[in-house]
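When a residue number appears, it is its place in the shown sequence, counting from 1. Order of listing sets the numbers, starting from 1, for every ligand and every atom in it.
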Amino acid sequence: MPGENDASSDDSVPSPSLNNSSKYENSTRSQPSSSLPSNVLVPASRLGFGDQAPRYPHLLALPVIRGPVFPGVLTPIRITDNKTISAIEKIMSGGSGGYLGLFLRKDMPDFSKGLEKPEIITCASDLYSVGTFAQIQRMTKLVDDHTDDDSNMKMAMLTRNELKHDDDTDRSNTNHANLLIMPHRRIDLLSVDNVGPPIDVTVSHWERLQYIRGEDSVRDDTIRALCQEVLSAIREVAQMNALFREQVVNMVPSSHMFDMNDPYRLADFAASLISGGDAADLQAVLDEKDAELRLHKALVLLSKEREVSKLQKEISAKVEEKMSAAQRKYFLTEQLKSIKKELGMEKDDKESLIEKYRKKLAEYPLIPEEIDEIIESELDKLSTLEKNSSEFNVTRSYLDWLTSIPWGITTEENFDISDARQVLDRHHYGMDEVKETILQFIAVGKLKGSVQGKILCLAGPPGTGKTSIAESVAAALGRKFFRFSVGGLTDVSEIKGHRRTYVGAMPGKIINCLKSTGSTNPLVLIDEIDKLGRDHRGDPASALLEVLDPGQNSTFRDHFIDAPVDISKVLFMCTANAVDNIPGPLLDRMEVIRLSGYDVPEKLEIAEKYLVPKSMLNSGLMVKETPKQEKSGADESGLETEEPDKEKAESTEPVFRHSEMVPESVSIERSALESLVRWYCREAGVRNLAKKIDKITRLLSLQVVAESEGAKLTEKSSRKSDTWTVSAENLHEYVGKPVFTSDRLYEKDPLPHGVVMGLAWTSMGGSALYIESQGIKRGLDPDGKPRGGGTLKVTGQLGDVMKESTEIAYTVARSRLSEIAPENKFFDVTDVHIHVPEGATPKDGPSAGITMVTAFLSLALDKPIKSDLAMTGEVSLTGKVLAVGGIKEKVMAARRAGIKTIILPEDCRRDFDELPDYLKDDLGINYATDYSSVYSVAFGVN
Ligand SMILES: Nc1ncnc2c1ncn2[C@@H]1O[C@H](COP(=O)(O)OP(=O)(O)OP(=O)(O)O)[C@@H](O)[C@H]1O
């Protein structure tokens with residue numbers, strides 16, 4: 001490719017005075033020099049450099065990617081096409097000096113897909129029309145044993161900033177070559193003569209562009225400003241970006257165009273520094289002939305580079321900040337740890353844990369030998385286990401529990417009977433049997449040294465104070481109190497714990513109770529023991545057997561603890577509504593105290609002395625004056641809290657007074673309470689009564705506050721009478737209309753034929769209920785014979801026992817009728833229907849036997865029974881009257897119903913005699929051993 005060697009002024013770099021150029025100037029060898037490795041070639045001849053470079057019109061063209069090559073900057077290029085490599089070798093070995101044209105490819109190759117040979121094009125339009133005329137300084141041929149991706153990567157790096165050479169590689173099988181190229185000037189692509197490879201092109205060389213100052217001062221200033229701006233941008237980016245800085249440092253000595261005063265060179269230099277710019281934008285700089293515009297374009301690219309660098313710096317600063325914060329934290333915690341260790345505040349976790357356990361164990365006065373051995377072996381095990389292992393946690397939780405059982409710790413018991421009596425009386429009215437039993441316990445305890453060995457079971461209707469008295473008993477005995485309900489409990493592990501092998505295993509309630517009370521002699525109340533469940537998870541009743549059996553519970557074994565724990569000092573109390581539902585073996589171990597429910601005077605006492613003051617306190621109407629010597633130990637409700645305090649037992653009665661804004665006249669009169677008990681709350685206990693009283697006091701509080709604030713209340717809530725005293729007259733304003741309007745279903749005397757009042761006992765207390773019977777007489781059949789007769793129909797949700805009882809009563813009635821009135825054929829011709837209202841309430845038991853016989857006879861004899869007579873008693877088939885239970889409740893129910901005469905079985909005489917006088921007064925009692933006695937009282941004949 002010969003061409004004219006015109007060294008006139010053009011867009012080439014100025015003539016260099018490089019040391020290395022002189023090395024090539026007189027070289028005529030096309031083969032590697034002996035001082036160079038065999039695969040490194042240098043041009044055979046050196047015709048000119050910079051301005052002096054020849055101006056060949058026909059050239060070998062080499063496409064470049066990523067960005068154009070700017071004159072004056074030594075640039076490495078990698079080529080992989082063998083034909084091109086051969087062509088280059090040829091021009092290097094010829095006398096033309098190894099010149100070629102570099103043109104940017106328009107289609108930016110997709111590196112992700114791999115570009116095997118960037119130097120191959122398919123048509124002339126693949127290249128930009130402005131390129132660079134350059135001379136090959138050196139060519140290194142290499143054997144490529146990398147993947148495509150690798151080579152692309154390498155090429156990308158080489159084209160931008162790589163100046164190191166693979167000189168040390170010596171391989172004969174060439175399939176790529178690295179060129180080190182010195183670009184001299186811009187050229188225009190006139191035509192592509194051969195798309196190759198190799199590509200032959202015809203070009204025209206640019207004239208050297210020089211900026212002449214002084215022609216236009218404004219333009220001069222602009223150019224100068226732009227130059228300075230470019231320089232300061234380069235400086236700024238270099239400060240922020242180490243890679244850029246390195247590039248500048250590398251380029252300046254190799255560049256012959258870094259002339260601050262030449263805007264063209266400066267723009268080229270700036271553009272060649274851009275690493276991440278768009279290739280088209282860089283090409284635009286190459287294309288530009290105007291100095292100002294070229295500077296401007298380069299500046300825009302530099303500014304972008306600056307922004308990117310700024311962002312990069314920010315990002316790295318943030319990352320560093322985060323890193324250093326984490327490092328700092330780590331450093332400080334490590335420091336803290338070592339300081340603590342130094343001060344003896346914290347030992348190694350495991351060590352301190354073991355020390356904690358030992359400290360705790362030292363507090364216990366008596367650790368059983370077996371337990372001590374277990375603890376020691378577990379402590380040994382713990383010290384050898386890895387801290388993060390699951391077994392470590394299991395051992396740890398086991399030790400936690402073992403060391404939290406209060407081994408040998410007992411609270412001091414109160415053996416003072418009068419103290420105990422005072423405490424018991426303070427919160428509960430009556431309940432004499434319970435109180436007496438507790439006092440007996442205490443007396444025995446005083447003689448023996450400890451109260452134990454008995455399991456009390458309080459059985460009675462709801463709301464009779466079973467749970468709350470247990471709390472008072474704990475206070476009276478000076479024991480800690482722990483309550484747990486077993487109502488509906490079906491899982492044995494609730495009582496005896498889970499085996500340690502299970503995940504999340506825990507001990508049962510008994511061990512839990514020792515831990516939470518911190519003593520081995522608490523009072524444990526097992527609530528609702530009659531409602532124990534049972535399912536596939538076991539039978540909790542059997543588990544309770546072990547707990548409650550005084551013979552076994554000194555070596556109680558919880559599944560979790562798996563070692564004997566002495567719970568014999570624990571005093572157990574149970575509550576139940578119906579004793580019949582308590583599993584037999586459990587019941588056998590208990591001493592049952594029956595609470596029969598309260599009658600009207602008792603309820604009045606309880607309401608007046610306990611419920612009203614408690615409710616007044618709770619609603620804020622009253623406050624309790626604490627006498628000086630009394631220590632605070634009672635909660636808001638006036639009940640003892642779990643911590644029994646001996647001094648409380650000695651304290652005087654609390655004094656109540658009205659709160660500040662509450663008028664002195666705010667009170668609930670006895671008449672109102674009487675009315676409440678009689679017409680609103682007829683249950684055996686006092687829970688409903690307490691609720692009604694609470695309702696009254698809450699409304700009183702609202703009225704007091706509203707009136708003091710002048711706020712308006714709704715018609716329902718506002719005070720209607722001008723008094724603050726709640727009496728029987730204005731009670732309905734607070735609790736609405738009475739629930740019961742009459743005591744009885746049948747008001748008239750005597751009762752209708754076939755109706756008799758019986759007395760029943762349920763877990764809710766006693767009740768007076770009517771037994772109704774009716775005869776159904778059929779007409780005669782066509783032959784004049786009676787139709788039907790002799791059948792019995794029973795309704796009223798009766799249980800099996802009661803149904804059988806009706807059958808028995810029917811037979812007894814028929815047999816007695818045949819004795820009393822042999823001519824009476826009532827039962828032969830009449831079908832009888834017997835019913836016990838109310839039909840929705842299930843009833844059972846044999847105690848209505850004599851009542852049913854009487855009802856049948858009343859029907860058969862057509863004689864009514866007096867309305868103030870009630871009876872209870874089981875009847876045998878021969879007419880014997882047998883004993884029944886619940887006499888107190890039944891008598892109370894009879895009195896409520898206004899009964900004057902009661903028939904009871906002879907065997908219940910003792911039960912009746914034991915009743916308080918106020919229950920017996922004005923009541924005619926008749927005892928019966930045989931139905932004939934009942935008959936004579938009921939029908940007034942012998
Ligand atoms: N003799 C009493 N003297 C004072 N208050 C009583 C008396 N009996 C019951 N109460 C009060 O009645 C309320 C209900 O009592 P408690 O909860 O102890 O009943 P319970 O018999 O345990 O009922 P349940 O069988 O439903 O559990 C408590 O506020 C209690 O103070």
Side chain, backbone, both or neither: which applies to Lys466 and ligand 1 if a contact is any heavy-atom pair less than 4.0 Å apart? both
As an exercise, identify every atom of ligand 1 less than 4.0 angstrom from a heavy atom of His427. 3 (N), 4 (C), 5 (N)
Just jot down the ligand 1 atoms closer than 4.0 angstrom to any heavy atom of Glu528, in number order. 27 (O)
So, does Gly685 sit close enough to ligand 1 that a heavy atom of it is under 4.0 Å from the ligand? no
Short version for Asn577: what comes under 4.0 Å of ligand 1, heavy atoms counted, is side chain
May I ask you to list the atoms of ligand 1 that are less than 4.0 angstrom from any heavy atom of Met431? 1 (N)
Within the 4.0 Å heavy-atom shell around Pro462, which atoms of ligand 1 are there? 23 (O), 24 (P), 25 (O), 26 (O)
Without swapping roles, check the side chain of Ser615 against the backbone of Leu611 for a donor-acceptor pair under 3.5 Å. no
Need the ligand 1 atom indices (1-based, order shown) with element for anything under 4.0 Å from a heavy-atom of Tyr610. 4 (C)
By number and element, which atoms of ligand 1 are closer than 4.0 Å to a non-hydrogen atom of Lys614? 29 (O), 31 (O)
Looking only at non-hydrogen atoms, the one of Gly465, Ser468, Ser485 nearest atom 30 (C) of ligand 1 is Ser468
Under 6.0 Å from the CG atom of Asp922, do we count more than 12 heavy atoms belonging to anything else shown? no
Between Ser519 and Lys480, do the side chains contain a donor N or O and an acceptor N or O under 3.5 Å apart? no
Give a yes-or-no answer on whether the side chains of Tyr734 and Gln703 include a donor-acceptor pair shorter than 3.5 Å. yes
Verify the neighbour count for atom CZ of Arg594: are there more than 12 heavy atoms of other residues, nucleotides or ligands below 6.0 Å? no
Apply the test side-chain hydrogen bond (donor to acceptor under 3.5 Å, both in side chains) to residues Asp527 and Thr575: give CA-CA distance (whole Å), side-chain angles for both, the deciding distance (0.1 Å), then the verdict. CA-CA 5 Å; Asp527 226 350; Thr575 74; 2.4 Å; yes
Say whether Asp527, considering both its backbone and side-chain N or O atoms, lies within less than 3.5 Å of an N or O atom on ligand 1. no
Does the N or O separation between Ile606 and ligand 1 drop below 3.5 Å for any pair? no
Which of these, Asp432, Leu458, Thr467, Asp530, has its nearest heavy atom closest to atom 22 (O) of ligand 1? Thr467
Test your reading of the model: is there a side-chain donor-acceptor pair from Lys890 to the backbone of Gly885, 3.5 Å cut-off? yes
N or O pair under 3.5 Å between Thr464 and ligand 1: yes
For a quick check under 3.5 Å, do Thr411 and Asn521 share a side-chain donor-acceptor pair by atom type? yes
Can you find a side-chain donor-acceptor pair between His428 and Ser468 that sits under 3.5 Å? yes
